[in-house]
S.K.: 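Got a structure here, written out as structure tokens. Questions coming.
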Amino acid sequence: MALTNFRTTSRPDFQDLDGFMSMDGNNVIGYTSKNAGPAEIHMFDGPNLHFKVTFAHIKKPYIIKADGNVAGNGYVGNASEENAHKKAGTADTWTATDTGPKPHPHGPGTKGGYSSS
């Protein structure tokens with residue numbers, strides 16, 4: 001089984017979301033910010049990519065909602081601070097671009113582990 005790794009960006013305000021993300025199928029299993037380090041992930045149900053990232057030293061979690069991009073090599077959507085998505089003008093444009101598959105560090109059928117290398 002292989003992980004798919006992505007480079008992530010968020011503009012204009014939530015640059016703590018800039019970093020790397022790993023997915024196993026449709027599940028985000030790792031997210032590491034260049035500024036804030038590793039995040040805890042909570043996936044939400046639904047047809048699109050929808051999840052929450054929580055960083056240890058940042059008070060509010062971020063909510064990310066995205067769809068596959070037109071090029072077929074990643075995702076594009078919005079990021080907002082938790083509960084801020086109800087206010088106009090509070091969402092960033094969030095993107096994730098595929099950087100290629102990597103072998104799953106724990107073998108088939110397991111979760112966990114992430115390498116930004």
S.K.: Would you check if Asn78 and Trp94 make a side-chain contact, meaning some heavy-atom pair closer than 4.5 Å?
M.R.: no

S.K.: Name all residues meeting the side-chain hydrogen bond (donor to acceptor under 3.5 Å, both in side chains) criterion together with Asp18; count only those two or more places apart in sequence or in a different chain, and write none if there are none.
M.R.: Arg11

S.K.: Working to the nearest 0.5 angstrom, can you tell me the gap between Lys60 NZ and Asp16 CG?
M.R.: 13.5 Å

S.K.: Determine all donor-acceptor pairs shorter than 3.5 Å in which one atom belongs to a side chain in residues 36-59; sequence neighbours excluded.
M.R.:
from, atom 1, to, atom 2, distance (Å)
Asn48, ND2, Asp67, OD1, 3.3
Lys52, NZ, Glu82, OE2, 3.4

S.K.: Between Thr8 and Leu17, is any pair of side-chain heavy atoms under 4.5 Å apart?
M.R.: no

S.K.: What distance separates Leu3 CG from Asn27 CG, expressed to the nearest 0.5 Å?
M.R.: 11.5 Å

S.K.: What distance separates Thr32 OG1 from Met21 CE, expressed to the nearest 0.5 Å?
M.R.: 11.5 Å

S.K.: Restricting to side-chain hydrogen bond (donor to acceptor under 3.5 Å, both in side chains), what partner residues turn up for Arg7, sequence neighbours left out?
M.R.: none

S.K.: With side-chain contact (heavy atoms from CB on, under 4.5 Å) as the test, would you mind laying out the steps for Tyr31 and Ile64 before giving the verdict?
M.R.: CA-CA 12 Å; Tyr31 200 109; Ile64 297 170; 4.2 Å; yes

S.K.: Among all residues two or more places apart in sequence or in another chain, which pass the side-chain hydrogen bond (donor to acceptor under 3.5 Å, both in side chains) test with Thr97?
M.R.: none

S.K.: How many angstroms lie between atom CE of Met23 and atom CG of Asn5, to the nearest 0.5 angstrom?
M.R.: 11.0 Å

S.K.: Name all residues meeting the side chain to side chain contact (heavy atoms under 4.5 Å, CB included) criterion together with Asn69; count only those two or more places apart in sequence or in a different chain, and write none if there are none.
M.R.: Ala71, Asn73, Val76

S.K.: So which heavy atom on Ser80 is nearest to which on Ala91, and how close?
M.R.: CB-CA, 4.4 Å

S.K.: How would you list, by chain and number, every residue that makes a side-chain hydrogen bond (donor to acceptor under 3.5 Å, both in side chains) with Ser33, sequence neighbours excluded?
M.R.: none

S.K.: What are the two closest non-hydrogen atoms of Tyr75 and Ala66, and how far apart are they?
M.R.: CB-CB, 4.0 Å

S.K.: To the nearest 0.5 angstrom, please state how far the CG atom of Asp13 sits from the CG atom of Asp92.
M.R.: 5.0 Å

